[in-house]
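Just below is one structure, and these are the notes that go with it.
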Amino acid sequence: MFQIQSHALRPLTTAHLAQTMTLLSMTADELRQEIEAELSTNPALEMVEERRCPTCNRLLPPHGSCPMCSCPKSDDSEEPIVFISPREDFTPRSDRYEDNAPEIDQPAMGADLPTYVFRQIAPELAEEDRPIAAFLLTRLDNDGLLSVGIDETVRYFHVLPSRVENVLSIIKRANPVGVGSRSPQEALLVQIELLAENKYIPDFTVEIIMNGMDKLSRHQLTELAHQLNASTRKIQEAVRFISENLNPFPSRSHWGDVRLPSRTAVQVYRQPDIIINYLNNDVNNPLVVEIIMPVYGTLRVNPLFRQAIRQVEPKKKDAWRSDLEKASLLVKCIQQRNHTMQRLMQRVVSIQRVAIVQGERYLRQLTRAEIAVKLEVHESTISRAVSSKTVQLPNGRIVPLSSFFDRSLNARTVLCELISEESKPMSDSELAKLMAKEGFQVARRTVAKYRAMEGILPAHLRNTVSYPV
DNA sequence: CTATGGCACGGATT
DNA sequence: AATCCGTGCCATAG
């Protein structure tokens with residue numbers, strides 16, 4: 001049983017339905033691969049360089065978005081403008097690499113780890129360093145670790161070791177963080193370095209990794225404590241942190257849904273699927289929501305192919321026909337994906353507008369089911385659309401789309417604020433009282449859970465000074 | 001005795 | 001149907 005969408009595009013066949021669902025749950029990057037794969041194997045599908053604005057159907061200039069899109073609702077600054085934004089090269093910060101759009105020759109099928117990483121870092125690399133990066137990336141083992149020595153690379157390219165090191169350090173900071181390290185140890189250290197930018201790292205974490213890997217892997221905590229001259233408690237903290245936040249084998253966190261608690265640095269390196277900004281970057285203007293279509297041009301069924309099929313010899317007719325159907329199915333499904341995403345974001349952004357503008361503590365309680373009712377689609381449709389997508393906010397941060405549906409993110413943000421402003425460490429029950437004053441009624445036990453989620457230590461281990469937010 | 005984490009239960013969400 | 005989340009109860013550490 002499924003609900004029929006209430007508009008012109010309705011799923012007619014089970015194939016259509018199935019493909020709509022898979023496309024919907026894809027990220028922009030995965031969608032790009034899908035399209036490229038189909039494009040290179042299916043002659044019935046073509047891409048034309050013309051771009052039309054999906055909302056007003058006007059022809060767009062070769063670069064940039066449709067300035068006219070705002071026309072229908074330009075005077076209503078409460079309602080966001082949502083549109084599909086076709087782009088070949090999309091980077092998280094549009095102001096950075098605009099002039100040198102990276103030209104990457106891409107293997108047509110399935111983005112393996114090397115390709116995935118290479119795409120991320122290509123803009124950061126000097127032209128002449130790219131072959132080095134490519135060389136290194138092809139020598140990754142199954143765990144995402146480097147299986148070639150620096151010196152070997154140096155000899156291969158006849159360059160200074162420092163240059164190789166430099167390229168490698170860029171690779172290691174790409175997602176999945178730590179790829180291209182030469183040992184699990186090194187990978188962990190890189191991850192810590194990045195996480196330290198906006199998270200608290202427990203004492204002894206680094207020491208454990210540097211000197212106690214063997215004991216760590218055997219869970220000999222007391223011996224670790226002894227060796228490092230620390231209390232077992234602190235060691236426990238650190239070990240827990242390591243197992244919850246770090247990953248010695250970078251490739252394993254790769255495609256598997258990054259199920260980390262929100263706002264960890266790891267996600268910063270993913271490209272967003274949706275970009276929210278103010279119109280013309282002016283805070284007084286309404287919000288503009290771009291849903292990224294990772295292709296430059298318009299995808300359509302080749303009209304010549306459609307005509308030619310009549311004259312083709314009967315032998316090949318079946319093959320041609322199936323190509324044609326596949327092509328038109330893909331086009332339809334993509335349209336439908338866009339349509340759903342557009343309507344979804346329209347709702348979400350207008351509901352969570354305050355949170356987007358003012359910060360996460362103003363997030364409203366929102367469930368996928370609620371949206372599903374309003375849009376008259378099945379709950380699972382929304383689920384798929386929301387999962388594994390990321391949004392870039394006006395302030396440049398990239399967060400998972402699901403955080404707009406996070407029941408407790410607002411409360412956790414307030415909790416973090418309270419703790420970062422505290423003059424002396426407060427116990428969980430004290431915090432619970434303060435939270436209640438702020439309008440967040442939560443049990444003491446829940447405060448403890450939130451703390452854990454945010455990686456904040458309990459009161460008696462907390463230092464009053466210097467707590468990085 | 002207080003603060004905190006583990007376990008498990010029930011209701012909501014997906 | 002499976003999973004997630006807030007909460008209460010209890011054990012344990014300090």
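Protein chains get the first letters and strands the later ones, always in sequence-line order, with residue 1 at the start of each.
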Measure the shortest side-chain to side-chain distance between [X] and [Y] over non-hydrogen atoms and say whether it is less than 4.5 angstrom.
X: A:Phe440; Y: A:Leu415; value: no
X: A:Leu363; Y: A:Phe404; value: yes
X: A:Ile35; Y: A:Met293; value: yes
X: A:Ile84; Y: A:His339; value: no

Atom-to-atom span, [atom1] of [X] to [atom2] of [N] - whole angstrom:
X: A:Phe405; N: C:dC5; atom1: CZ; atom2: P; value: 14 Å
X: A:Leu24; N: B:dT14; atom1: CG; atom2: P; value: 16 Å
X: A:Met435; N: C:dG6; atom1: CE; atom2: P; value: 11 Å
X: A:Arg444; N: C:dC9; atom1: CZ; atom2: C1'; value: 10 Å
X: A:Met426; N: B:dT2; atom1: CE; atom2: C1'; value: 17 Å
X: A:Leu457; N: B:dG5; atom1: CG; atom2: P; value: 9 Å
X: A:Arg445; N: B:dG6; atom1: CZ; atom2: C1'; value: 7 Å
X: A:Glu430; N: B:dA3; atom1: CD; atom2: P; value: 7 Å

Could A:Glu360 and A:Arg412 be called an ion pair, given the rule that one side-chain N must be under 4.0 Å from one carboxylate O? no
Starting the side chain at C-beta, find the nucleotide from [options] nearest to [X].
X: A:Arg407; options: B:dT4, B:dA3, B:dT13; value: B:dT13
X: A:Tyr450; options: C:dG6, B:dT4, B:dT14; value: C:dG6
X: A:Ser429; options: B:dG6, B:dT14, B:dA3; value: B:dA3
X: A:Lys449; options: B:dG5, B:dA8, C:dC4; value: B:dA8

[X] side chain near [N] phosphate (N/O to OP1/OP2, under 4.0 Å):
X: A:Thr446; N: C:dT7; answer: yes
X: A:Arg451; N: B:dG5; answer: yes
X: A:Arg368; N: B:dT14; answer: yes

Name the nucleic acid region contacted by A:Ser408, choosing base, sugar-phosphate or nothing; use a 4.0 angstrom heavy-atom cut-off, strictly under. sugar-phosphate
